[in-house]
Amino acid sequence: MASLTSVKMLLPTMPHSTGRHKASDQLRSWCFDRLSCEGASSRRELVLRCGGISIASCVMLNWVLTPSPAWAEEESNSPEDKDEGVVGAIKSLLDPNEKTKSGKVLPKAYLNSARDVVKTLRESLKEDPKDMVQFRRTADAAKEAIRDYINNWKGQKAVINEESYAMLEKAIRALANFYSRAGPSAPLPEEIKSEILGDLNTAEEFL
């Protein structure tokens, strides 16, 4: 029985290709050419010619000609599946509602506004008051986010009973009560700052 080296000598030299199907097509073409070659006048003669091919080479040929299950799965992805994915993405963008971390479905506009309050107010509270330029920038962003939130969502029945709404209302009220008593330029005590940050963290868990 021929060695693996002799088997390799029986196989034709084929250029490398990026796809297994291209390689298998070339191999099938070569096999058909061999079957139709001159001198193979009888089945017995053909068997004698091919008798040097070992079982190992047959297994190797079968491996080359059999497509990988992973590739077969990739090829099964039909255009319909891709279309359904695109349609689903468009529906998600057009949907006015969104599911929160806690699993509730709330208006997307409310969630975006509430998240903006949490983000900007947290950044403002953590900013160093000594850096007046940056402190003023973050404070103005927080004021704008709070103003937009109150104008659009204060007292709205769709969200008034939500945990996130209650926590944000508590945080904003604590901030407003302090500055109304101490003045707009008074430094915020660490105790009140820590309490407000805790309320923001709780609100974020429900957004």
Side-chain angles (χ1 to χ4, degrees), residues 68-207:
S68 168
W71 291 347
E73 184 178 351
E74 291 178 359
E75 292 178 356
S76 66
N77 293 333
S78 62
E80 289 76 6
D81 295 336
K82 296 180 181 179
D83 291 341
E84 290 179 2
V86 173
V87 172
I90 294 175
K91 287 183 178 180
S92 178
L93 290 174
L94 298 178
D95 191 349
N97 298 319
E98 181 182 337
K99 184 177 288 187
T100 65
K101 296 177 182 178
S102 60
K104 290 188 176 182
V105 177
L106 295 174
K108 190 179 295 183
Y110 165 76
L111 293 174
N112 290 336
S113 181
R115 288 165 182 161
D116 195 27
V117 171
V118 171
K119 177 179 179 294
T120 57
L121 184 53
R122 179 186 288 150
E123 290 175 350
S124 177
L125 294 174
K126 291 183 176 182
E127 192 62 56
D128 185 2
K130 295 179 181 179
D131 187 351
M132 291 302 298
V133 175
Q134 184 63 20
F135 180 78
R136 177 56 56 188
R137 184 181 294 112
T138 57
D140 290 344
K143 288 179 183 178
E144 184 64 27
I146 292 172
R147 185 182 300 111
D148 179 75
Y149 176 81
I150 292 175
N151 290 340
N152 289 287
W153 298 105
K154 184 178 181 179
Q156 291 293 325
K157 294 181 179 180
V159 298
I160 195 172
N161 294 321
E162 296 300 322
E163 293 88 344
S164 57
Y165 181 91
M167 289 296 101
L168 286 180
E169 185 179 33
K170 181 182 177 184
I172 294 171
R173 184 182 291 113
L175 197 65
N177 289 341
F178 170 78
Y179 284 120
S180 64
R181 293 193 307 266
S185 300
L188 193 65
E190 287 298 325
E191 181 181 355
I192 297 179
K193 183 185 296 185
S194 178
E195 180 182 347
I196 294 174
L197 287 172
D199 292 337
L200 294 178
N201 292 336
T202 303
E204 190 175 39
E205 293 177 0
F206 295 96
L207 295 174

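Model, not experiment: these values are computed from the prediction. Position 1 is the first residue of the sequence; numbering continues from there. Just the heavy atoms: all of them, side chains too, but no hydrogens, waters or symmetry mates, feed the values below.
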Interatomic spacing from OG1 in Thr100 to CZ in Arg115 - rounded to 0.5 Å | 8.0 Å
Steps toward side chain to side chain contact (heavy atoms under 4.5 Å, CB included) verdict (Lys101, Glu204) | CA-CA 9 Å; Lys101 296 177 182 178; Glu204 190 175 39; 4.1 Å; yes
At what distance, to the nearest 0.5 angstrom, does CD1 of Ile160 lie from CD of Glu169?
-> 7.5 Å
With the side chain counted from C-beta on, respond yes when Leu188 and Tyr179 share a heavy-atom pair under 4.5 Å apart, and no when they do not.
-> yes
Measure the CZ-NZ distance between Arg122 and Lys126 for me, rounded to the nearest 0.5 Å.
-> 5.5 Å
So how far is it from Leu111 CG to Lys104 NZ, rounded to the nearest 0.5 Å?
-> 11.5 Å
CD of Glu123 to CD of Glu127: how many Å apart, nearest 0.5 Å?
-> 8.5 Å
Any sub-3.5 Å donor-acceptor pair from Thr138's side-chain atoms to Gln134's backbone N or O?
-> yes
If you measure from CD1 on Ile196 to CZ on Phe178, what distance do you get to the nearest 0.5 Å?
-> 9.0 Å
Are the side chain of Ser180 and the backbone N or O of Asn177 linked by a donor-acceptor pair below 3.5 Å?
-> yes
Can you establish whether the number of heavy atoms outside Lys193 located under 6.0 Å from its atom NZ is more than 12?
-> yes
Under the 3.5 angstrom rule, does the side chain of Asn201 hit a backbone N or O of Leu197 as a donor-acceptor pair?
-> yes
Looking only at heavy atoms, which two atoms of Phe135 and Ser124 are closest? And how far apart?
-> CE1-O, 4.0 Å
Taking the inter-plane angle between the rings of Tyr149 and Tyr165 on a 0 to 90° scale, is it parallel (under 30°), tilted (30 to 60°) or perpendicular (over 60°)?
-> tilted
Partners meeting side chain to side chain contact (heavy atoms under 4.5 Å, CB included) with Asp116 (sequence neighbours left out) | Thr120, Ala145
